[in-house]
Amino acid sequence: MTTGTGPGTDAATAGYLLRLGDDALIAGHRMAEVVTRAPQLEEDVALANIALDLLGQARPLLTRAGELEGEGRDEDTLAYLRDEPEFRNCLLVELPNTDFAHTIARHLLFSCYARELYAALAASTDDVLAGVAGKAVKELDYHRDHAAQWTVRLGDGTEESAARMAAALDAAWPHVDEMFTADPVISAAAASGAGVDPAGLRPAWDSAVDAVLAEAGLHRPDLPPQAGPGGRGGRHGLHTQSFGFLLAEMQHVHRSHPGAAW
Amino acid sequence: MTTGTGPGTDAATAGYLLRLGDDALIAGHRMAEVVTRAPQLEEDVALANIALDLLGQARPLLTRAGELEGEGRDEDTLAYLRDEPEFRNCLLVELPNTDFAHTIARHLLFSCYARELYAALAASTDDVLAGVAGKAVKELDYHRDHAAQWTVRLGDGTEESAARMAAALDAAWPHVDEMFTADPVISAAAASGAGVDPAGLRPAWDSAVDAVLAEAGLHRPDLPPQAGPGGRGGRHGLHTQSFGFLLAEMQHVHRSHPGAAW
Amino acid sequence: MTLTGTAPAGPRQRFDAMISGEERIEPRDWMPDDYRATLIRQIAQHAHSEIIGMQPEGNWITRAPSLKRKAVLIAKVQDEAGHGLYLYSAAETLGVDRAELLDLLHEGRQRYSSIFNYPTPTWADVGAIGWLVDGAAITNQVPLCRCSYGPYARAMVRICKEESFHQRQGFEILHVLARGTPRQRAMAQDAVDRWYWPSLMMFGPPDSESAHSGKSMAWRIKRYSNDDLRQRFVDIIAEQVRALGLTLPDPDLAWNAERGHYDFGAVDWAEFTAVLKGDGPCNRQRIEHRRAAHADGAWVREAARAHAAKQADRAAAREAAR
Amino acid sequence: MTLTGTAPAGPRQRFDAMISGEERIEPRDWMPDDYRATLIRQIAQHAHSEIIGMQPEGNWITRAPSLKRKAVLIAKVQDEAGHGLYLYSAAETLGVDRAELLDLLHEGRQRYSSIFNYPTPTWADVGAIGWLVDGAAITNQVPLCRCSYGPYARAMVRICKEESFHQRQGFEILHVLARGTPRQRAMAQDAVDRWYWPSLMMFGPPDSESAHSGKSMAWRIKRYSNDDLRQRFVDIIAEQVRALGLTLPDPDLAWNAERGHYDFGAVDWAEFTAVLKGDGPCNRQRIEHRRAAHADGAWVREAARAHAAKQADRAAAREAAR
């Protein structure tokens, strides 16, 4: 289904890729923030690795989104020159690194989702997306294992670590539902075969997360989904309060040198 | 002594005003960061008040600097569109608000300096500067008293507060000398009568600060001045590592909307 | 034989007479326990709203896009802290103290206005809050300047004066944006779209479901019903939005010549309830920010107390040594 | 009758023979105490330099001006963490452990390269560090690939390979900036101006004042003198800077046909000493950043240990229950 405005363009798939690309870009940014601040050197290496994988997913997704959009925007234009309301990532990935448990909780919940998503997207009708997905699913296997192992260590570690891990899950949990909620763009992409309906990924996610929580001796938080104003959230460009500060940091140099090459 | 390049311009005085304006702008920014996060509501009010005074000093100083520079830059152009190496504030004012003691230590050392400076600058040959200085000296009397009272409360409070206050003084102290060091621009302004040589303000500063420290039961830190690379510091545009993040936050919206009015 | 005006009436009678005579009740006057409790709850909630209300706008202080706007914004947030101080003082005249009330806020046992649980994702939100949120607050608060309890009424007089200034500044921010670049204009419209309905919710549930209104009206704490005030507010902003050159996101908004008022659409009370219950976009964050500031400042307040105690001891010792 | 090669020599003789025969000393080989101590000090300092060296560049990860540069930069900082790991492992073969060495670093009792006490105020610093600091490091380190201590030499082989890649990336960053806008070009030149002299200091004090060199040379840990390596580096960058289209801030820099080398100006050893002593622009900050990361992570490392112990107990219990 080509819904774009010019030859070779496809607005629905472009919007879908923007959602995927923004999820990876922002998840990667948060992960990269921890590098040089990790609890041990091995984790500086591991978190840098995860950040690199996510950035490596974001770049072709954004590039492809720009191509299908057909307005001449490349990966850097999309990352550096959009305003906050134009970012389409889900809110989960932008939650701050309050402590290491928050970093792990966020990435556990996200990677369990993204892993299932990319497994399904390997069959996307968009060749570029299918290619990215095929590679990403292996990377996300590793991310998921990494987050799961730390969730277990922290949940089954000391009293303090278990309390911190539980608090971190509480902070992230209200943002889970958004990942599985299709908006019209996602539905259109799913209908065309370029994307998938995320609701179908929920059972696999539930059992993956439940297994990790059980091994960690942690409970599934009993918290309702976070309601955005008028039901709007990250997919509509309405973000949490820390996101503007993230963007200010990320975009400042690029925006300070209009038109420059790097 | 008019050293500018066009009628009514004066590059030396412009550069001098930029140093004063940047000191006030950045000191005010750091103070404003604490608003909504102060230890008690009265301090939210007081710190906001100080931030407003400093911003109120910075604005006419930057405006006047732009006029004397003669390149059409107004206060917003100077605040929002300069890059880090173009900011000329001393490093002391940019030190982060690590805790309330750091906020107080920074502002004690700065306000004791700025109060003496503006008292002298009330006689500046530049009428605009003289006017700003006349008003600022009264504001800085209040700032100095506020910082002095808190230094005494913290120094003479609990064991913890005394230790935190001492640590905060240690962090700020290596940046004291820079305030009293003239560079060629400052010397030229002092020679023309527009500015003053800051070295002459040191004895008054020493006795004011020593009196506060004595009442607080605190010692003058025994720490050498911070050496910048090749002897360069804030007056040469070489800043501490946190400054770029401050600028990113301060400038992001303005830079994101080139040419817009607000 | 009539005793009116001469013989000493019972305190309850005196109180009732003062209320019906539009006299002000002052702290030392006798008052019924539930009048006191109602006022404490209302004034505390109002004070909490002022200090929680510093956050959505305070969020933009370091990023304000011009120095002039930054100065105006800092002054506004400072005013809100000041309003908090007046109001906690007013509550303290009723026999509670600020520390106690702050603890109740931090523990989630007293409320603040739900409006502050909405986020401020763009600079235009600062304008929309000034115009709509302060506008609604003033509409609510002007009648409180004649509230029966003296300290609260006097605090409201000062507060209303400052808030109408804030509202004009908010209007001006939106006015500039609406006439700015297409991106600025879109930002302004988006903010108005997001704040319109929540600002209508600020007047509380419909009269048919309002719990505390009856008594408050009788006691002359409240003077107009929620729905009356909401209508008054809609009538004002429906006119002002034209001057802005923006629109309100309400297809049912239309002048009703017969009623002499604007008709408007149905408020989504389910959202109101959800946000009130704690499921709004920023409930956790707002309280967490307050708790963190309070906890981070504990050592400072402790130091101030310790220093004051030492000072008092030293003064006493000097006195004794004379 | 000659015993060479057949009769068992004493350990000291064996060691000396291996050194002079350019054989590699391995962890289980006997070695003199001061050889061991020298290596521990040097490898630890080298490891510390890698992890402290993550900070000046790590400072730019979140602000890198393009996604491609950001990816390259994250990979580089990750490599530095990896180098730290190899080197701490190499040090551990000498009987110390990483936790111990980190404590010595955090307490200021072991050093790291002073170069990392300079700030990175602009994006161009990332380029200048890659080109000059990694360049100087490689010049220093290539001979260490033939160091007499096996684990250290092998770590250096891997490290040098990655660092020459980093140096090329740094060169490329500067190359793009030097050909970019006037502001980009100025940024590049300013960064080169600031990093040039400190990079020359990386080779250590002049030979006339170098404390540890004699023994290190004899033990084949070090193979060239500080001044020789410095000259080699200047000869390289004096050529490369032309390809960049930038200049080095040294008026005395000039080709000396007679020596077959570039002459260069006098290094300011007073600055070197000040920075080494702790008075550099970022000494406090670098150590504070490390200490904070280590302290903030204490509960995580503790949890990992506790979990591992529980796992071991559970395994033992399962074993016992069979």
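Worth knowing before you read on, the calculation uses all heavy atoms, side chains too, and leaves out hydrogens, waters and symmetry mates. All chains are named by letter (A, B, ...) in the order of the sequence lines, taking the proteins before the strands, and each is independently numbered beginning at 1. Just so it is clear, the structure is predicted and the values come from calculations on it, not from any experiment.
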(request) Calculate, to the nearest 0.5 Å, the distance between atoms CG and NE2 belonging to Leu41(A) and His83(D) respectively. (result) 11.5 Å
(request) Could you grab the distance from atom CD1 of Ile50(A) to atom CD1 of Ile74(D), nearest 0.5 Å is fine? (result) 12.0 Å
Pick from [options] with the largest number of heavy-atom pairs that fall under 4.5 Å of chain D:
options: Arg164(A), His257(A), Met165(A); value: Arg164(A)
options: Leu47(A), Leu52(A), Asp44(A); value: Leu52(A)
options: Glu43(A), Met250(A), His254(A); value: Met250(A)
options: Glu33(A), Gln149(A), Glu42(A); value: Glu42(A)
options: Ala48(A), Gly28(A), Ala46(A); value: Ala48(A)

Pick one of side chain, backbone, both or neither for [X], based on which atoms fall under 4.5 Å of a heavy atom in chain D.
X: Ala38(A); answer: backbone
X: Leu246(A); answer: neither
X: His252(A); answer: neither
X: Val35(A); answer: side chain
X: Tyr80(A); answer: side chain
X: Leu62(A); answer: side chain
X: Val34(A); answer: neither
X: Arg255(A); answer: neither

Take atom [atom1] of [X] as the centre, draw a 6.0 Å sphere, and report whether it contains more than 12 heavy atoms from other residues, nucleotides or ligands.
X: Lys68(D); atom1: NZ; answer: no
X: Arg158(D); atom1: CZ; answer: no
X: Glu159(A); atom1: CD; answer: no
X: Glu86(A); atom1: CD; answer: yes
X: Tyr142(A); atom1: OH; answer: yes

Side chain from CB out, backbone as N, CA, C, O: work out which of these in [X] comes under 4.5 Å of a heavy atom of chain A, or both, or neither.
X: Thr181(D); answer: side chain
X: Val300(D); answer: both
X: Arg305(D); answer: neither
X: Leu85(D); answer: both

Of the non-hydrogen atoms in [X] and [Y], which two are nearest, and what is the gap between them?
X: Ala306(D); Y: Thr158(A); result: CB-CG2, 3.8 Å
X: Thr36(A); Y: Gly58(D); result: CG2-CA, 4.3 Å
X: Arg153(A); Y: Ala304(D); result: CD-CB, 3.9 Å
X: Ala71(D); Y: Arg59(A); result: CB-NH1, 4.2 Å

(message) A side-chain contact here means heavy atoms from C-beta on lying under 4.5 Å apart; do Gln78(D) and Asn49(A) qualify?
(response) yes
(request) Measure the shortest side-chain to side-chain distance between His307(D) and Ser161(A) over non-hydrogen atoms and say whether it is less than 4.5 angstrom. (result) no
Of all of [options], which one pairs up most often with chain A through heavy atoms under 4.5 Å apart?
options: Tyr88(D), Trp299(D), Trp123(D); answer: Trp299(D)
options: Gln55(D), Arg301(D), Lys70(D), His289(D); answer: His289(D)
options: Ala303(D), Ala292(D), Ala293(D); answer: Ala303(D)
options: Arg183(D), Glu172(D), Glu80(D), Arg63(D); answer: Arg183(D)
options: Glu302(D), Arg98(D), His294(D); answer: Arg98(D)
options: Gln311(D), Gln184(D), Met54(D), Arg69(D); answer: Gln184(D)

(message) For the backbone of Leu67(D) and the side chain of Asp76(A), can you confirm whether one donor and one acceptor N or O come within less than 3.5 Å of each other?
(response) yes
(message) Checking side-chain polar atoms at under 3.5 Å, does Glu249(A) have a donor or acceptor matched by the opposite partner on Thr62(D)?
(response) yes
